[in-house]
There are 2 protein chains.
Amino acid sequence: MLLIEDDPRVRRSLHLALQDEGYEVGEAASGAAGLHQLRAQAPDVVLLDLMLPDTDGFAVCREVRRWTDVPVIIVSARTDSHDVVAGLEAGADDYVTKPLVAKELSARIRALMRRAHQPQATDPRTLDLGDISVGVDSGVVTVGGVEVDLTRTEFRLLVELCRNEGQVVSREDLLERVWGYGYLGDGRIVDVHVHRLRVKVEADPANPHHVVTARGLGYRAVP
Amino acid sequence: MLLIEDDPRVRRSLHLALQDEGYEVGEAASGAAGLHQLRAQAPDVVLLDLMLPDTDGFAVCREVRRWTDVPVIIVSARTDSHDVVAGLEAGADDYVTKPLVAKELSARIRALMRRAHQPQATDPRTLDLGDISVGVDSGVVTVGGVEVDLTRTEFRLLVELCRNEGQVVSREDLLERVWGYGYLGDGRIVDVHVHRLRVKVEADPANPHHVVTARGLGYRAVP
DNA sequence: CAGTCCTGTGACGAACCCGTGACATCCGGG
DNA sequence: CCCGGATGTCACGGGTTCGTCACAGGACTG
């Protein structure tokens with residue numbers, strides 16, 4: 001269990017309460033530290049505060065979701081329904097508000113673990129799109145067996161499209177999932193990177209067969 | 001989605017709100033009826049009220065869990081933490097309290113479905129209208145297996161008609177749902193786009209068999 | 001510190017889509 | 001049979017969306 005919370009007092013009391021319930025608790029006081037720890041210790045649950053010194057909690061959550069399906073519970077003082085929706089949309093599994101009741105939090109964690117630990121198909125390590133192969137972990141992309149060099153943004157863009165193979169992904173979704181929450185700017189940036197991506201992975205970039213545009217809707221990956 | 005709730009007013013408003021979100025909602029007014037429906041229609045989510053005329057909601061939840069792992073969300077007026085814990089211990093996945101915020105409930109349902117449905121990669125929602133197949137998420141429409149190219153408006157129009165298959169949809173409704181609120185102008189624009197749609201999806205656009213006009217009322221989709 | 005690569009922005013043209021108006025056509029009722 | 005309202009059809013102008021390029025700033029490396 002990883003506890004991402006900046007207030008030392010809250011962190012401490014939560015730590016103790018959870019320890020009493022039998023959890024091994026790791027701590028992080030900022031979003032960056034949390035993400036770092038996440039990769040280091042691969043916890044089975046993440047408790048995430050929204051108000052962090054460095055990053056927005058929503059952004060942290062989205063970043064987490066880019067890497068793993070670990071259960072995430074947002075713990076926040078913000079009780080507004082909009083925040084709840086935003087948190088869940090960011091990929092969190094649950095959203096509980098302070099002041100916390102330890103027993104309830106614990107019950108929610110158990111309910112979530114129960115659900116999450118069911119046999120589930122692990123996220124495929126490589127995504128295929130016809131003759132394009134995307135190594136999600138390795139970061140290696142090959143087209144027809146030949147390795148191509150993608151930049152970080154191009155890679156994330158391709159992954160995001162492949163994850164929703166066949167479905168239209170809107171510019172807004174792409175901006176949110178590739179560029180991150182709170183990115184300001186028009187969606188034109190997506191076009192540019194789609195173009196750059198096409199140049200690298202499409203046989204004929206002018207007539208794309210894998211990264212196709214759904215005019216007025218977004219982009220879509222087809223095999 | 002199965003809604004087990006005894007208060008008719010709450011049931012109705014919830015039903016409408018969830019329908020707007022695109023769910024097919026089944027209803028039950030008692031625990032016994034709920035369990036019966038559960039087996040009959042195998043819903044993908046269960047919303048369960050705690051105060052039921054016949055049985056305790058907790059007992060219903062436990063009974064549900066003996067049969068299936070379907071996601072269960074308890075919807076209750078009881079805000080006490082003990083009830084939350086009891087509900088989750090009874091096997092529920094989430095516990096939300098009244099008064100409800102539709103958006104939040106919807107977000108929680110989505111979060112839960114995301115978690116619960118992980119094994120089966122998101123089933124592509126498709127609407128069928130005879131030999132016309134509409135991929136709601138993919139934005140792909142095929143007629144007799146052949147993919148046709150629809151513009152955004154044509155696509156939305158078709159989706160809206162298919163959602164109410166068999167029923168007449170008025171011009172006003174279409175204007176509101178396809179073009180958006182506050183659209184100013186006569187309903188003639190609908191005619192034009194219906195025509196353009198017919199040209200693309202009907203075998204004989206002059207004698208439409210799928211997008212038929214209900215003179216003086218609106219349009220209707222028939223298989 | 002210089003060079004290189006990546007990224008985001010602005011601009012521009014082309015393709016496309018949309019809404020409107022005009023006219024033809026159909027349907028039901030008097 | 002005729003007429004009026006409703007619907008079908010078409011062409012066109014304006015607006016939007018997308019593809020593409022060039023460029024400047026930033027990050028990273030050696």
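Proteins get letters first, then strands, A, B, ... in listed order; numbering begins at 1 in each. Side-chain atoms are counted along with the backbone in the values below, which use heavy atoms only and exclude waters and symmetry mates.
Annotation: side-chain contact (heavy atoms from CB on, under 4.5 Å) contacts of A/Gln19 (sequence neighbours excluded): A/His15, A/Leu16. With sequence neighbours excluded, the residues that form a salt bridge (charged side-chain N to carboxylate O under 4.0 Å, His left out) with A/Arg78 are A/Asp83. Considering only residues two or more places apart in sequence or on other chains, B/Arg9 meets the salt bridge (charged side-chain N to carboxylate O under 4.0 Å, His left out) condition with B/Asp7. Under the side-chain hydrogen bond (donor to acceptor under 3.5 Å, both in side chains) criterion, B/Arg12 pairs with no residue, sequence neighbours left out. Residues satisfying the side-chain hydrogen bond (donor to acceptor under 3.5 Å, both in side chains) test with A/Asp191, not counting sequence neighbours, are A/Arg171, A/Arg188, A/Tyr219. Evaluation of the side-chain hydrogen bond (donor to acceptor under 3.5 Å, both in side chains) rule for A/Asp80 yields A/His82 as partners, not counting sequence neighbours. In this structure B/Lys200 satisfies the side-chain hydrogen bond (donor to acceptor under 3.5 Å, both in side chains) test together with B/Glu154, sequence neighbours excluded.
Comparing the end axes of the helix from C/dC1-D/dG30 to C/dG30-D/dC1, each fitted to five base pairs by superposing C1' atoms of four pairs onto the next four, gives an inter-axis angle of 30° (nearest 10 degrees).
Salt bridge annotation for B/Asp94-A/Arg108: present, with a cationic side-chain nitrogen under 4.0 angstrom from a carboxylate oxygen.
Within the structure, every pair that satisfies the ring pair (Phe, Tyr, Trp, His ring centres under 6.0 Å) test and touches residues 191-212 of chain B, not counting sequence neighbours, is listed here: B/Trp179-B/His193.
For A/His195, the listed nucleotide lying nearest its side chain is D/dT20; candidates were D/dT9, D/dT20, C/dG8. Here D/dG19 is the nucleotide among C/dG8, C/dA22, D/dG19 with the atom lying nearest to any side-chain atom of A/Arg188.
C/dT7 atom P lies 16 Å from atom CG of A/Asp191, rounded to whole Å. Between the CZ atom of A/Arg198 and the C1' atom of D/dT20 there is a distance of 11 Å, given to the nearest Å. Regarding B/Leu197, its CG atom lies at a distance of 14 Å from the P atom of C/dG19, rounded to whole Å.
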Let me see the working for A/Lys98 and A/Glu5 under salt bridge (charged side-chain N to carboxylate O under 4.0 Å, His left out), right down to the final yes or no.
CA-CA 12 Å; A/Lys98 303 174 185 175; A/Glu5 159 75 59; 3.2 Å; yes

Step-by-step side chain to side chain contact (heavy atoms under 4.5 Å, CB included) determination, B/Leu48 to B/Ile73:
CA-CA 6 Å; B/Leu48 174 62; B/Ile73 299 181; over 6 Å; no

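B/Val192 comes within contact range of at least one nucleobase, with a heavy-atom separation under 4.0 Å.
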So which protein N/O to nucleotides 23-28 of chain D N/O distances come out below 3.5 Å?
none

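Residues of residues 147-159 of chain B that place a heavy atom closer than 4.0 Å to DNA chain D do not occur. Contacts of residues 201-216 of chain A with DNA chain D (heavy atom under 4.0 Å): A/Thr213, A/Arg215, A/Gly216.
The neighbour count for B/Glu147 CD, taken as heavy atoms of other residues, nucleotides or ligands under 6.0 Å away, is above 12.
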